Number of protein chains: 2
Amino acid sequence: MAAAQAAKARIRQAAEGRILHAAAELFADTGSAGTTVGQVAARAGMSAATVHYYFRSKAILYEAVLSDVLRRWLHEIEQIDERQPPEDAIAAYVRAKMHVSYAHPAASRIVAQEMLRGGSRMRRFLSVDLLPLLDRKLRLIEGWSRSGLLRPVDGRHLFFLIWAGTEFYANFSVEAAAVLGVSELTEAEMRRAADSVVDLVLNGLQPRPG
Amino acid sequence: MAAAQAAKARIRQAAEGRILHAAAELFADTGSAGTTVGQVAARAGMSAATVHYYFRSKAILYEAVLSDVLRRWLHEIEQIDERQPPEDAIAAYVRAKMHVSYAHPAASRIVAQEMLRGGSRMRRFLSVDLLPLLDRKLRLIEGWSRSGLLRPVDGRHLFFLIWAGTEFYANFSVEAAAVLGVSELTEAEMRRAADSVVDLVLNGLQPRPG
DNA sequence: GTCTATAACAAGATAGAC
DNA sequence: GTCTATCTTGTTATAGAC
């Protein structure tokens, strides 16, 4: 029966969704090795056996979580608008990345942990998905530099600085909050942080002559 | 006998040193939860029981490793020379941090992982050791800004950007190498990266008018 | 101080009832 | 699809010989 099939598919989707969500938060906080299937099950409101029914092994569950997160990550870099003036485009990109870091802190932490471990499970993602897209954006930066709209800079290191500088607030929010003297990073705090990053990346430290 | 005592102390120090070194590399690569005492023992060239003889539990071993690493980390921030011109002082600080990241990549990764997990085991370090020292440096930056030697910036976010931008290369060296199209980050590569970070932080992206 | 052997426990994964 | 019970393995930590 088609209706019964559809109902099963809905149940499956709902259960998988709850598992993936619970696992993402736990993996972000304590890593894959530091998280047990039992913890995921408890947070998702089901038994460990049920988690294994949907994801044969913890490794497979981890790959599913990582894949979800990488899809989102890739989508962000698309956000650099090639038709805007460079300063506006870069400022908007920085703010977009900072906003995503605030809205989905778990995603940023999961990618960071995977990269810290050498990123063996994202080699293909890097070479197939990220690099071609990044190359496009690098040519854009290069064009802006050549035409004098930006100082001549190495776009790759520019991206590194922007990624590192924005993800810092999601990955190390506890330490950032401690230094800033607040109990946690609010949205307003993140906006101020984004302003600072934009300001530093665009203008640097040196006072303008004149 | 005093000589026998001294010999024992030397043996103890040598063994502890080998264990701490092995553990640091493993913790950096796979985290504390992802590392077994057996692996540490194998890398240190001894049995797991011997590791337990020197460090009663894995948790205690981890704390010892973390404590070592934090001591080094704190030492770096001292490097900002208050008597140099601000640009030189900051450039030297960035290069020093980048050099340490290259020389001791494991240290950077261990701190990053601890912070990702909320840094519960470094709260005291943050408030007792880091913040007072950082406050001194922040007043320095503020003074430079007020006297017009630097653009007015929030020193705290400046430090965040510098920390994030330099540690990026140690923490995510695999991904950085992939984007840069090299098989691994050599010392020369790290120097180029340091140049880029210094250039961006000091000058920003906008072309100078005139 | 260092080892082998082993106790004690935790975790991943599966079987089979419902 | 979901659960409880259980198998199996791997890990921490200790005991005791050397």
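Reminder, nothing fancy here: chain letters follow the sequence lines and each chain counts from 1. The structure displayed is predicted, hence computed values, not measured ones.
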Got a list of protein N/O to nucleotides 2-5 of chain D N/O distances below 3.5 Å?
| from | atom 1 | to | atom 2 | distance (Å) |
| --- | --- | --- | --- | --- |
| D/dT2 | OP2 | A/Y54 | OH | 2.5 |
| D/dC3 | OP2 | A/S47 | N | 2.9 |
| D/dC3 | OP2 | A/S47 | OG | 3.2 |
| D/dC3 | OP2 | A/T50 | OG1 | 2.5 |

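- Look at NE2 on A/H52: it is 14 Å from C1' on D/dT6, rounded to the nearest Å.
- Taking the six-membered ring where the residue is Trp, B/F160 and A/Y169 present perpendicular rings, their angle passing 60° and hence far from 30°.
- Minimum heavy-atom separation, B/A92 to B/Q84: CB-OE1, 4.3 Å.
- One interatomic measurement links the two molecules: CD1 of B/I60 to C1' of D/dT12, which rounds to 13 Å at whole-angstrom precision.
- Contact of the B/L158 side chain with the B/L138 side chain is not registered, since no non-hydrogen atoms from C-beta on lie closer than 4.5 Å.
- Note: B/F168 and B/F172 have perpendicular aromatic rings, judged against thresholds of 30 and 60 degrees for the angle between ring planes.
- Nucleotide C/dA13 holds its C1' atom 17 Å from the CD atom of A/Q39, rounded to whole Å.
- Rounded to an integer number of Å, the gap from CG of B/L26 to P of D/dT11 is 13 Å.
- Residue B/L61 contributes atom CG, which lies 16 Å from atom P of D/dT11 at whole-angstrom precision.
- Here the closest heavy-atom approach between residue B/G155 and residue B/I141 is recorded as CA-CG2, 4.2 Å.
- OP1 or OP2 of D/dG1 has at least one side-chain nitrogen or oxygen of A/R12 nearer than 4.0 Å.
- Atom CD1 in B/I19 sits roughly 14 Å away from atom P in D/dT12 (whole-Å rounding).
- Side-chain atoms of B/E184 never come within 3.5 Å of backbone atoms of B/A177 as a donor-acceptor pair (strictly under, hydrogens ignored).
- The nucleotide whose nearest atom lies closest to any side-chain atom of A/T36 is, among C/dG12, D/dG1, C/dT14, C/dG12.
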